[in-house]
Number of protein chains: 2
Amino acid sequence: MAHDQAGECVDELRALSIEGFLGYQVRRASVVIMNDFIETFAELPVRPVSFSVASVIDDRPGVSSAEICRILGLQRANIVSVLEKLQSEGFVRRTEAPSDMRVQRLYLTEAGVDALRSWKARAMEHENRIFARLDRDERKQLDSLLRKIWS
Amino acid sequence: MAHDQAGECVDELRALSIEGFLGYQVRRASVVIMNDFIETFAELPVRPVSFSVASVIDDRPGVSSAEICRILGLQRANIVSVLEKLQSEGFVRRTEAPSDMRVQRLYLTEAGVDALRSWKARAMEHENRIFARLDRDERKQLDSLLRKIWS
DNA sequence: TATTGTTATACTCTATAACTATA
DNA sequence: TATAGTTATAGAGTATAACAATA
């Protein structure tokens, strides 16, 4: 029963069920987490994408929408309605960039800063619930392993 | 600077960027993995869901579609077209269950078994590419951590 | 020529409600 | 009353192409 360098052999491959694929594990976990996040914010005007967009604007005041898209892996076309909504809710404001008339600099309003703070607190509760079975070291391990995959 | 039981404090919460949320890390990894999976099977009639459905049928010959949905977390309505396609491609066959006329027992055809074997080999290549930066121990750690989240 | 913000559009995935036939 | 398979449909998320304004 010869094993190759990666450690598989033919019979193991044949017997490998879907749960044996790491990608499946990541997917199932992601779905559970996303659903709990959405449920956590059910009565608030917050979706995973708008939460992450607001968070990036908070981290980098004056950031452009194109830059947010590069950071978060979004399409430029798909962030338009997200920003429109955040602006209409009074959480985000835009100013022209004198140095480059194409870009709009984005900032959180005072209400946006307050809202994001409360959203983050709620998101932390959500994370503590979802990752309750992982202690602090395990959460750090998971974080480190996941960053190796996508970053 | 008082810390609560969970180990956060107000200033840490304020400074926590989106990358500090584990759920975000899981999501980004999941997207990268799904996209690579889809690209890996671009010229084949295989999607993540149809791959997992075929795999479950292979593991449990005679399984019903409702049971597959419970195992994979799908809606019954959404598996119909998946099974139709797998059947039209000649990879799945259905037989009535004499003991319960409501259910259809599902099996892979010989062509389905062959196809699934090649799909799994291809999926393993995909996984070895995606998880290249994780050694065997790290992959086992990741698997163990993810199972704690969703199962 | 490249980039920003935008519009329009299409496609996939997922969720819900309702129906039938069976149990 | 509950379940299996199905249909129809709606919604969210994401992708592509094109455009005007600007660099």
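Lettering follows sequence order; numbering is per chain, from 1.
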task: Respond yes when some side-chain nitrogen or oxygen of B/Arg94 is under 4.0 Å from OP1 or OP2 of D/dT6, and no when none is.
output: yes

query: If you pin A/Leu83 and B/Pro98 to their nearest nucleotides in DNA chain C, which one's is more 5'?
result: A/Leu83

- request: Measure from the side-chain heavy atoms of A/Arg27 and tell me the nearest of D/dT6, C/dT6, C/dT14.
  value: C/dT14

field: side chain to side chain donor-acceptor pair (under 3.5 Å) partner of A/Thr40, the single match among A/Glu125, A/Glu127, A/Arg129, A/Arg122
entry: A/Arg129

task: Considering just the side-chain nitrogens and oxygens of A/Ser65, establish if one lies under 4.0 Å of OP1 or OP2 belonging to C/dG5.
output: yes

- line: Between CD of A/Glu96 and P of D/dA21 the distance, given in whole Å, is 14 Å

- prompt: Counting only distance, no hydrogens or angles, is the base of D/dA4 paired donor-acceptor with the side chain of B/Asp100 under 3.5 Å?
  reply: no

- prompt: Between C/dT20 atom P and B/Gln104 atom CD, what is the distance in whole Å?
  reply: 18 Å

message: Treating B/Gln25 as the side-chain partner and B/Glu19 as the backbone partner, does any N or O pair qualify as donor plus acceptor under 3.5 Å?
response: yes

Whole-Å distance separating the CD atom of A/Glu39 from the C1' atom of C/dA15: 14 Å

message: Of the options C/dT7, D/dG5, C/dT4, whose atoms approach the side-chain atoms of B/Ala66 most closely?
response: D/dG5

message: From C-beta outward on A/Arg102, which listed nucleotide comes closest to its side chain: C/dT22, C/dT7, C/dT4?
response: C/dT4

task: Decide, yes or no, whether a salt bridge links B/Glu138 with B/Arg133 under the criterion of side-chain N to carboxylate O below 4.0 Å.
output: no

query: Can you tell me how far P of C/dT16 sits from CG of B/Leu74, to the nearest Å?
result: 14 Å

task: Would you mind classifying the nucleic acid contact of A/Arg70 as base, sugar-phosphate or nothing, using non-hydrogen atoms under 4.0 angstrom?
output: sugar-phosphate

- request: Please step through side-chain hydrogen bond (donor to acceptor under 3.5 Å, both in side chains) for the pair B/Gln87 and B/Arg94, ending with a clear verdict.
  value: CA-CA 8 Å; B/Gln87 185 175 28; B/Arg94 323 190 201 197; 3.0 Å; yes

message: On the nucleotide C/dT12, are OP1 or OP2 found under 4.0 Å from the side-chain N or O atoms that B/Arg47 carries?
response: no

- prompt: Think A/Ser64 has a side-chain N or O under 4.0 angstrom from the OP1 or OP2 of C/dT4?
  reply: no

statement: Taken to the nearest whole Å, CE/A/Met34 to C1'/C/dA15 is 15 Å

- request: Check if the side chain of B/Arg76 and the base of D/dA4 share a donor-acceptor pair of N or O atoms closer than 3.5 Å.
  value: yes

task: Looking at every strand, decide which applies to B/Val80 at a 4.0 Å heavy-atom threshold: base, sugar-phosphate, or nothing.
output: base

query: In whole Å, what is the span from the CG atom of B/Asn78 to the C1' atom of C/dC13?
result: 7 Å

query: What nucleotide among C/dT4, D/dG5, C/dT7 has an atom nearest to a side-chain atom of A/Ala77?
result: C/dT7

message: Using a strict threshold of under 4.0 Å (side-chain N to carboxylate O), is an ion pair present between A/Asp114 and A/Arg117?
response: yes

message: Base, sugar-phosphate or nothing for B/Glu84? Non-hydrogen atoms, less than 4.0 Å.
response: sugar-phosphate

Whole angstrom value for the distance that separates P of C/dT20 from CE of B/Met101: 18 Å

- request: Considering only NZ, NE, NH1 and NH2 on the basic side and carboxylate oxygens on the acidic side, decide whether B/Asp143 and B/Arg139 come within less than 4.0 Å.
  value: no

- prompt: Any side-chain N or O of A/Gln75 under 4.0 Å from OP1/OP2 of D/dA17?
  reply: no

task: Using whole Å, report how far NZ of A/Lys85 lies from P of C/dT6.
output: 17 Å

